[in-house]
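Structure first, then comments.
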Amino acid sequence: MHKKLEEIITKTKTDLVKRKQQVPLSILMETVDRQKGRPFARAIRNPKKGSIALIAEIKLASPSERSLGTIEDIQTKVKEYEQAGVDCVSVVTEKHFFHGDPVFVAQIKDFTPLPVLEKDFIVDEYQLYEAAKSGADAVLLIAKLLPKEKLLLFVKLAKMLNIEPVVEINDE
């Protein structure tokens, strides 16, 4: 695994320990609303313009680019994306390296009727419950971060939570 990716995963796991202490999984599970979200899969299967679905991304920073925008820019960007005819919005919610926050999901959903994909480094089922609580319509699962059995479990859990799993695969 790439050194920066290892650093991100280590920080993610450290943060998870703290979040689980603050709100145990059993309590988090009770607070999740399993209502059906906005139709992410349908939106990308039936694009508004032409034959290619467009997913526009909100990302405030990256490990290589310290600033790609501010929290104040989010609403403006979402409205511009919507006017441009995108089919969905994705938002990077990882805090330390991308300056994201899961609360951005709900904020974006307040600005637009488009489905929202939450992008983070999902390594624990706890994060899927957090995504459900934030109102994510879809969630990114990165195959190279998870053993096959865990990936399959996360796909099933996401579906059970009415979240569309989007699986990123980098090889056969």
Side-chain angles (χ1 to χ4, degrees), residues 1-23 28 37-38 40 43-44 47-50 52-146 151 154 158 163-171:
M1 200 180 314
H2 187 269
K3 184 177 180 179
K4 186 53 82 174
L5 183 57
E6 286 179 15
E7 195 177 333
I8 293 168
I9 298 306
T10 299
K11 189 67 175 161
T12 297
K13 289 178 178 179
T14 301
D15 285 353
L16 271 167
V17 169
K18 293 174 188 171
R19 294 199 312 264
K20 286 178 175 181
Q21 288 172 344
Q22 292 172 341
V23 181
L28 179 61
R38 295 175 185 167
F40 181 85
I44 61 173
K48 294 175 187 171
K49 296 183 176 187
I52 297 176
L54 297 175
I55 303 171
E57 184 165 83
I58 300 292
K59 176 167 57 172
L60 301 185
S62 75
S64 61
E65 208 48 56
R66 295 245 186 250
S67 179
L68 296 170
T70 66
I71 294 169
E72 293 77 23
D73 297 333
I74 294 174
Q75 183 174 4
T76 303
K77 283 183 180 181
V78 170
K79 287 299 178 190
E80 288 172 355
Y81 291 159
E82 192 175 335
Q83 290 171 356
V86 303
D87 300 289
C88 302
V89 175
S90 86
V91 58
V92 180
T93 58
E94 192 283 328
K95 292 181 182 209
H96 303 285
F97 298 87
F98 293 87
H99 301 174
D101 193 313
V103 302
F104 294 166
V105 173
Q107 290 173 349
I108 290 168
K109 290 183 83 165
D110 285 343
F111 305 147
T112 183
L114 296 172
V116 178
L117 165 66
E118 183 173 343
K119 293 176 71 178
D120 205 332
F121 298 85
I122 306 291
V123 294
D124 191 286
E125 70 177 316
Y126 190 90
Q127 293 169 281
L128 292 173
Y129 284 97
E130 289 179 317
K133 184 172 179 162
S134 72
D137 302 302
V139 66
L140 178 68
L141 298 173
I142 303 170
K144 74 179 178 180
L145 299 182
L146 303 166
L151 177 61
F154 285 5
I163 301 173
E164 188 68 39
V166 176
V167 179
E168 177 183 298
I169 302 170
N170 294 308
D171 60 34

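Just so you know, these numbers come straight off a predicted model, no measurement behind them.
A pairwise comparison of heavy atoms in Pro63 and Phe98 identifies CD-CZ, 3.4 Å as the closest pair. The minimum heavy-atom distance linking Ser134 with Pro102 is given by the pair CB-O, 3.7 Å. Shown here for Ala138 and Val166, the closest heavy-atom pair between the two residues is CB-CG2, 4.2 Å. The shortest heavy-atom contact between Lys48 and Gly85 is CD-O, 3.8 Å. The two residues Lys119 and Ser90 make their nearest non-hydrogen contact at CD-OG, 3.5 Å. When all heavy atoms are compared, the tightest approach of Gly135 to Lys109 is O-NZ, 2.7 Å.
The line from CD1 of Ile74 to CG of Asp110 is 12.0 Å long, rounded to the nearest 0.5 Å. The distance from atom CD of Gln107 to atom CD1 of Ile71, rounded to the nearest 0.5 Å, is 7.5 Å. Here the CD atom belonging to Glu57 is positioned 12.5 Å from the SG atom belonging to Cys88, to the nearest 0.5 angstrom. Taking CZ from Phe154 and CD1 from Ile142, the interatomic distance works out to 12.0 Å, rounded to the nearest 0.5 Å. Considering NZ of Lys20 and OH of Tyr126, their distance stands at 8.0 Å, rounded to 0.5 Å. Here Leu60 contributes atom CG and Lys95 contributes atom NZ; the two are 12.5 Å apart, rounded to the nearest 0.5 Å.
One finds no salt bridge joining Asp171 and Lys144 here, because no Lys/Arg side-chain nitrogen approaches an Asp/Glu carboxylate oxygen to under 4.0 Å. Taking a cutoff of 4.0 Å between a charged side-chain nitrogen and a carboxylate oxygen, Glu65 and Lys59 do not qualify as a salt bridge. In this structure, Arg19 pairs ionically with Glu130, as a charged nitrogen and a carboxylate oxygen lie closer than 4.0 Å.
A donor-acceptor distance shorter than 3.5 angstrom exists from the side chain of Asp137 to the backbone of Arg38, with no hydrogens or angles considered. Between the side chain of Gln127 and the backbone N or O of Phe121, at least one donor-acceptor pair lies under 3.5 Å. Not one N or O on the side chain of Asp101 forms a donor-acceptor pair closer than 3.5 Å with the backbone of Thr93.
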side-chain contact (heavy atoms from CB on, under 4.5 Å) between Asp120 and Val92, intermediate numbers included: CA-CA 6 Å; Asp120 205 332; Val92 180; over 6 Å; no
Full working for side-chain contact (heavy atoms from CB on, under 4.5 Å) between Leu28 and Lys133: CA-CA 8 Å; Leu28 179 61; Lys133 184 172 179 162; 3.8 Å; yes
Derivation and outcome, side-chain contact (heavy atoms from CB on, under 4.5 Å), residues Leu146 and Ile122: CA-CA 9 Å; Leu146 303 166; Ile122 306 291; 5.5 Å; no
Residues Asp73, Thr70; criterion side-chain hydrogen bond (donor to acceptor under 3.5 Å, both in side chains); working and verdict: CA-CA 5 Å; Asp73 297 333; Thr70 66; 3.2 Å; yes
Val139 and Leu128: CA distance, side-chain angles, deciding distance, side-chain contact (heavy atoms from CB on, under 4.5 Å) verdict: CA-CA 8 Å; Val139 66; Leu128 292 173; 3.8 Å; yes
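Within the 4.5 Å cutoff, the side chain of Leu5 has heavy atoms near those of the Leu145 side chain. When side chains are defined from C-beta on, Leu140 counts as touching Glu168, because their heavy atoms get closer than 4.5 Å. Side-chain contact between Tyr81 and Ile55: absent, with no pair of heavy atoms (C-beta onward) separated by less than 4.5 Å.
Sorted by first and then second residue, the pairs that involve residues 7-18 and meet salt bridge (Lys or Arg N to Asp or Glu O under 4.0 Å), not counting sequence neighbours, are Lys4-Glu7. The salt bridge (Lys or Arg N to Asp or Glu O under 4.0 Å) analysis of residues 77-88, with sequence neighbours excluded, yields the pairs Lys79-Glu82.
Between Thr12 and Glu94, the side chains place no donor N or O within less than 3.5 Å of an acceptor N or O (distance only, hydrogens not considered).
Here the rule is side-chain contact (heavy atoms from CB on, under 4.5 Å) with Leu54, and of Val89, Val86, Ile44 only Val86 fits it.
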